[in-house]
Structures are given as structure tokens and as C-alpha cells.
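A quick write-up on the structure given underneath.
Within every chain, numbering begins at 1; the chains are lettered A, B, ... in the order of the sequence lines, protein sequences first and strands thereafter.
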There are 2 protein chains.
Amino acid sequence: MTTIKQIAIDMGVSAATVSNALTGKGRVSSDMVERIKKRAHDLGYRPSLAGRALRSGQTGILGLVMPDLTNPLFPRIAQHLSLVAADRQLGILIADSRGNPDEQTQAINRLLDRGVDGLLIVPQKGTAPGLQNVPTVIINTASDPDNSVSADHAGGGRMIAEHIASLGHRHVILLGEDRVSEVQRDRVAGMRAGFDPSIHLQEIWGESGIDQLVSAIQNGATAVITTSDLLALRVHSHLTRNGIVVPHDVSLTGFDDLPFAIAMHPTLTTVAQDVEQIAGLAIERLILEIQGETLPAQNANVAMRLVIRNSTTKQNSKTKPEILQ
Amino acid sequence: MTTIKQIAIDMGVSAATVSNALTGKGRVSSDMVERIKKRAHDLGYRPSLAGRALRSGQTGILGLVMPDLTNPLFPRIAQHLSLVAADRQLGILIADSRGNPDEQTQAINRLLDRGVDGLLIVPQKGTAPGLQNVPTVIINTASDPDNSVSADHAGGGRMIAEHIASLGHRHVILLGEDRVSEVQRDRVAGMRAGFDPSIHLQEIWGESGIDQLVSAIQNGATAVITTSDLLALRVHSHLTRNGIVVPHDVSLTGFDDLPFAIAMHPTLTTVAQDVEQIAGLAIERLILEIQGETLPAQNANVAMRLVIRNSTTKQNSKTKPEILQ
DNA sequence: CTGTTAGCGCCTTCAT
DNA sequence: ATGAAGGCGCTAACAG
């Protein structure tokens with residue numbers, strides 16, 4: 001490893017001068033700067049981040065805490081964060097909070113012990129991580145008072161609802177996955193808001209919700225809108241098994257636009273997060289916080305994008321599907 | 001931040017003694033050790049990893065390079081690596097190599113600049129990352145000469161094949177996703193190896209392969225075995241659209257056991273990687289390398305697990321399905 | 001414009 | 001059993 005000191009000796013100048021030349025502190029004659037830079041390059045000099053960290057108190061590392069790394073959205077978020085961070089010369093250290101609040105706290109502490117400059121947290125559903133005295137950005141959903149940046153889940157729900165309404169559906173089932181999750185609740189709330197009162201809405205949740213589906217459809221529901229793609233796939237399977245055809249008998253929608261949404265038949269109408277923008281905003285904001293700006297508890301709500309595919313279609317007041325048993 | 005020196009002053013001893021007491025170097029009287037530990041704890045002392053890193057030349061951070069963080073397996077691998085690493089007091093820094101070999105090299109360099117103690121690399125398909133002079137573990141597949149630890153993809157293929165053979169299928173389609181991928185090739189090779197020569201095998205690849213499916217089935221194929229769950233879902237959709245029913249008309253299998261495999265109908269027979277064990281072995285080996293042992297280019301091949309669900313069934317020489325156009 | 005000094009927090013001699 | 005000193009690589013403050 002080439003160090004600043006070696007270059008200094010090698011060139012007969014002081015270490016400080018090399019440092020100044022390399023970091024462009026401008027207190028060195030420009031041809032000296034050139035020569036030092038060249039020599040450093042030739043020697044393959046790489047600054048020691050450890051030395052710099054010790055000196056400056058900053059590691060250039062951001063910690064990413066996710067409730068569960070197997071969350072289907074994690075890969076995309078992680079990817080974009082890591083790309084944006086790389087652009088800014090920052091690294092991303094990951095930590096899994098293993099689906100429980102205690103582990104979440106421990107994960108945060110591990111990261112803090114490593115001296116991360118800031119924290120990106122996607123909180124456990126239904127928890128507010130004890131905020132330390134460290135720059136932190138929370139990526140959750142607008143209704144979370146601690147939220148900093150998120151997709152506009154409610155807006156996404158509204159888009160789905162308006163799409164379904166525009167297709168003429170008048171009796172709609174809202175299927176949620178988990179009531180504890182703020183994200184899910186915002187999605188459902190958005191869905192409700194997107195329909196006008198004349199439309200018959202039926203809100204059901206979880207496993208037991210799926211069991212009620214068939215009879216609800218027999219009672220006239222013509223669309224099922226769900227709060228996740230995975231749930232939509234399950235519903236699709238369940239309906240198929242009961243002889244109900246999507247979208248002929250009933251329209252169906254998901255949420256998130258996961259990779260398999262286009263592998264289904266029919267391909268799934270859903271709503272996509274602009275993860276790239278969310279990642280960009282999150283890191284930008286975190287960097288500002290790290291630089292000491294005291295930001296208002298702003299709440300960037302990134303619009304979602306409606307992705308219309310083949311699982312939704314016009315409601316044409318046909319006869320009820322025959323249900324197989 | 002409490003430092004060693006503060007504790008030392010606070011207790012009227014030297015910094016060296018505090019260090020020795022805390023790191024258990026045993027050169028301190030045991031009651032002094034007790035008192036120092038207690039005081040350190042009360043003061044909320046956390047050792048500065050930066051200081052330690054500078055001193056020791058080790059950061060306690062491992063770099064994880066993935067070809068594409070959106071790879072469906074990434075979440076599970078990342079999760080287990082992060083858990084195992086956390087147990088060993090190590091951190092995991094992620095880097096996306098963005099699907100191309102140049103970026104892979106850059107990603108590795110970024111990690112190296114950060115002073116990671118070792119590298120975990122899941123290589124781009126068809127590339128051998130230029131190995132640096134750093135402890136490195138490659139997670140790919142057995143046929144890669146650089147491979148250190150991997151799932152036994154060929155063995156998984158064989159298990160699938162034997163399962164299909166045991167169900168009485170005699171005309172089988174092998175559908176691969178991408179010939180460039182060593183992993184995929186090993187999977188297909190394993191599948192072939194699992195059938196005896198009397199069985200009629202038809203190997204097809206990619207998009208064009210899917211197009212040939214229907215006619216192949218009309219010609220008597222009764223099972224389609226694929227090299228990924230996503231591919232299996234696509235096939236399922238495609239067949240359904242053509243009036244072919246799984247598993248009644250044709251059995252179908254995937255690979256990897258992704259979360260949606262149980263959301264499908266029928267639920268998908270597939271083969272699962274023991275990611276936990278792979279992660280454990282990978283980190284264990286990497287730690288040994290970091291500690292300076294020169295290990296043989298061993299090749300841990302972790303057995304896969306056959307997951308039999310409802311997409312496969314006995315071949316009972318019934319009549320060909322009628323194909324809708 | 002350039003050099004010297006000092007110290008970030010830790011740990012490892014070497015002395016006491 | 002404990003302490004003093006020095007240095008890992010870097011940079012900020014203060015000379016010169």
C-alpha cells in the first residue's frame with residue numbers, strides 16, 4: 001500500500017503538501033499539484049479510508065436497515081441505493097432486522113458501532129425505530145409521522161381505483177394483506193378514496209379474506225383489487241381453481257409490479273414504485289442531514305405509476321360466472 | 001463518544017491497561033479487569049472501529065458483489081450472509097455490478113478501496129472476475145474452476161429428472177433460460193444425467209424454446225422441466241392460454257423455490273437451495289482465507305432439496321390434450 | 001507557497 | 001501487574 005508519506009519522501013516534500021495537492025486544497029503551486037498527482041497515480045496510490053475516517057470522524061458508509069431482506073422490494077431498493085451511493089463515493093452496509101423490533105434495534109446498533117455516517121431505515125411494520133442521534137432517513141409511507149421519503153401508496157391505490165371505476169365496475173372487493181402494516185393501510189385508504197360513494201365496496205383482509213372471495217363474487221363483485229402482486233397471484237390461483245376466469249369474470253389488480261407480474265396469464269395490472277427516484281431522494285436528503293442541515297420533517301411522496309395490463313377489463317354487466325365446486 | 005483514554009483518566013490508570021483489560025489480553029489483575037469493564041459499560045463505551053482498523057489494517061467488513069441485485073436469489077443470499085456475518089462481528093458492504101463485466105471490476109475496486117477484508121463474489125454469468133490479491137470466495141456453480149461454494153445445481157437437476165422419471169414420463173422437454181450461464185448449463189446437464197437413455201429428451205432454450213412448447217406437447221411430451229421458477233410460471237401461463245392443463249396434461253417443474261411458487265395453482269414442484277448453509281460455508285471459508293490459511297481450491301457443493309408440490313403428477317398414457325388455437 | 005507539529009483511537013512493544 | 005511511548009494514515013492549524 002502506497003501511503004501519503006511514501007509519496008512525500010519519494011518526492012522530497014512533506015506529507016501535508018501531498019495531502020493538499022491530492023485533495024485539491026489549493027495551497028500548492030499548480031505544477032507541484034500536477035507532479036504529485038502523476039506520481040501518486042504511477043505508484044497506484046489509494047487513500048486509506050481508515051486513516052481518513054479516524055481523522056475526520058466520517059466513514060463514508062451508510063447503513064441500510066430493512067425489516068426483512070427477503071422483502072420482494074428489497075433487491076430493487078438496495079440496487080438503486082447502492083448505485084446512487086456509489087456515485088457519491090459512499091458505501092452501503094446492510095443489516096437485516098429479521099422481522100422483529102428487538103432485532104431492528106440491534107441491527108441499528110451494529111451499524112452505529114461501525115461508525116456509519118447515516119442510516120436508511122425501512123421500518124418494521126407497525127414500529128417506530130427509536131431514533132438515535134444520527135442522521136436518519138425513514139422510508140415507509142406518508143402516514144408515518146417519522147417518514148422522510150416514500151412511494152405515494154395512497155395515490156397508487158387511488159390510481160388503481162380510478163382505473164377500475166373507469167372500466168365500469170360498480171361492486172368491488174378490496175383485499176388487504178396485513179392490517180398491521182401502515183403501507184397496506186395507506187394503500188387501502190387510497191383505494192377507497194378513488195371510488196365515489198355510489199360504488200359498492202367490500203373490504204376484506206388476509207387469509208380469511210381470500211376464503212370469502214368466491215361468495216363475494218357470486219354476490220356480484222366484478223373486480224378484486226389487492227395490496228400486493230403476490231396476493232394477486234394467490235387470488236388468481238384461487239379463482240382459477242374455482243372456475244372463475246380473470247379478467248373475463250372478474251378483474252384483478254396487484255401492487256408493486258414485481259418481476260413475475262408479466263409472467264402471469266393474464267399479465268397483471270398493477271402499480272409500480274419509482275424506486276430509483278425514492279433512492280435518489282433518500283440519499284440526497286441523508287447527505288444533507290449528514291452535512292448538518294436541520295431539515296424540516298418533510299415527507300417526499302413519490303408518485304406511483306399505473307401499469308395497465310391484461311388482468312383488468314370492462315365490466316359489461318354479463319351474467320354471473322358459474323362457480324364450480 | 002467515550003474513548004479508552006477517557007476511561008483511563010477517569011479511573012486513574014493508563015490507556016494501555018484499559019485496552020488490555022477490555023480485550024482480555026490477560027495482563028491485568030482480574031479485579032481491575034472487572035472494574036474497568038463495569039466502568040466502560042456504564043460510560044457506554046464503544047470501541048472505535050476506525051481506530052482499530054487503522055491500527056490493525058483490518059476493517060471487519062466483507063464486500064458482497066452480485067451480478068445484479070435484482071437477481072431473485074439475492075435477497076435470500078444477502079440475508080443469510082448478513083446474519084452469519086453479524087454473528088462473527090463482521091459487516092457486509094454491497095456492490096452491484098450492474099450486469100456487465102466492466103462494472104463488476106469497478107464494483108470490486110470500490111470495495112477494495114474501502115479496505116474490505118475479503119470479497120464474496122457471485123460472478124456475472126460467463127465471466128471470471130479478475131482475482132485480486134485479496135481473500136475471495138466465489139459463489140457460482142461446480143463447473144466453474146474458480147468456484148468455492150455453491151448449490152449443487154447439477155444434483156438439483158438430477159433430482160428433478162429422477163422425480164419426473166419415477167412418475168413414468170417417457171418424453172420430456174428440458175427448457176433452459178440462457179445458454180451463457182454456467183449455472184443454467186449445469187442444471188440442464190444434471191437433468192440429462194438423471195434420465196436413462198431410453199427416455200426421449202428434447203432440450204430447448206429461451207424465448208424460441210417457449211414457442212416450440214405447444215407443438216412438442218402435441219408430439220407427445222408429457223413433462224416440461226425448466227431451469228427457473230420464473231420460467232416455469234411463464235410456461236404455465238403460456239400453456240394455460242393454449243388450453244393445456246398442468247399437471248393434468250403435462251407436468252411442470254421450476255428451480256429455486258421462489259416465494260411465488262406456492263402462490264401458483266397448481267403449486268410448483270421445484271428444487272430449493274440451502275442458502276443458509278451456502279452462506280455459512282462461504283463466510284467460514286472466507287474467514288479462514290483472511291486468517292491467512294492457504295486453502296485448496298476446494299469446491300463445496302451443497303445439496304439441493306426437492307420440493308414436490310402439485311405441478312407434477314403420474315403420466316398415465318392418456319390421450320393427447322386437445323390444443324386450442 | 002510549503003513545512004512542521006500534533007492528534008484522531010487504538011494496540012503493541014518495551015520498560016518499570 | 002501496570003505505565004509510557006510510539007505509530008498506523010491522514011489532515012487541520014499554525015508556522016515559516
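Going from atom CG of A/Asn20 over to atom C1' of D/dC14 covers 13 Å, rounded to whole Å. Rounded to whole Å, atom P of C/dG9 lies 11 Å from atom CD1 of B/Ile9. Taking atom CD1 of A/Ile36 as the reference point, atom P of D/dC10 lies 13 Å away to the nearest angstrom. Across the protein-nucleic acid pair, B/Arg35 atom CZ and D/dA1 atom P stand 15 Å apart, rounded to whole Å. One interatomic measurement links the two molecules: CE of B/Met11 to P of D/dG3, which rounds to 10 Å at whole-angstrom precision. To the nearest angstrom, C1' of D/dG3 lies 17 Å from CD1 of B/Ile7. Atom CE of A/Met1 is separated from atom P of D/dC10 by 10 Å (rounded to the nearest Å). Straight-line distance from the NZ atom of A/Lys25 to the P atom of D/dC14: 17 Å, rounded to whole Å.
Phosphate contact (OP1/OP2 of D/dG7, side-chain N/O of A/Lys5, threshold under 4.0 Å): absent. Regarding contacts with the backbone of D/dT2, every side-chain N or O of B/Ser14 stays at 4.0 angstrom or more from both OP1 and OP2. Contact between the side-chain N/O atoms of B/Arg52 and the OP1/OP2 oxygens of C/dC11 is found at a separation under 4.0 Å. The side chain of B/Thr17 places no N or O atom within less than 4.0 Å of a non-bridging phosphate oxygen (OP1 or OP2) of D/dT2. OP1 or OP2 of C/dT2 lies within a sub-4.0 Å distance of a side-chain N or O belonging to A/Ser29. Contact annotation: A/Ser56 does not reach the phosphate of D/dT11 (side-chain N/O to OP1 or OP2, under 4.0 Å).
Checked by atom type, the side-chain pair B/Glu182/B/Asn140 shows a donor-acceptor distance below 3.5 Å. Of the N and O atoms on the side chains of A/Thr17 and A/Asn20, not one donor lies less than 3.5 Å from an acceptor on the other residue.
Side-chain proximity of B/Pro47 to the nucleotides C/dC10, C/dG3, D/dG9 is greatest for C/dC10.
Taking a cutoff of 4.0 Å between a charged side-chain nitrogen and a carboxylate oxygen, A/Asp10 and A/Arg39 qualify as a salt bridge.
Looking at heavy-atom distances under 4.0 Å, B/Leu54 makes contact with a base. Residue A/Ser48 is classed as a sugar-phosphate contact, given heavy-atom separations below 4.0 Å to backbone atoms only.
Summarising the geometry, atom CG belonging to B/Leu43 is positioned 7.5 Å from atom CD belonging to B/Gln6; distances are rounded to the nearest 0.5 Å.
The shortest distance between side-chain heavy atoms of B/Leu83 and B/Gln79 falls below 4.5 Å.
With the nearest nucleotide of DNA chain C identified for both A/Ser30 and A/Ala16, A/Ser30 has the one nearer the 5' end. Remark on DNA chain D: of its neighbouring residues A/Tyr45 and B/Gly12, the 5'-side contact belongs to B/Gly12, judged by nearest-heavy-atom nucleotide.
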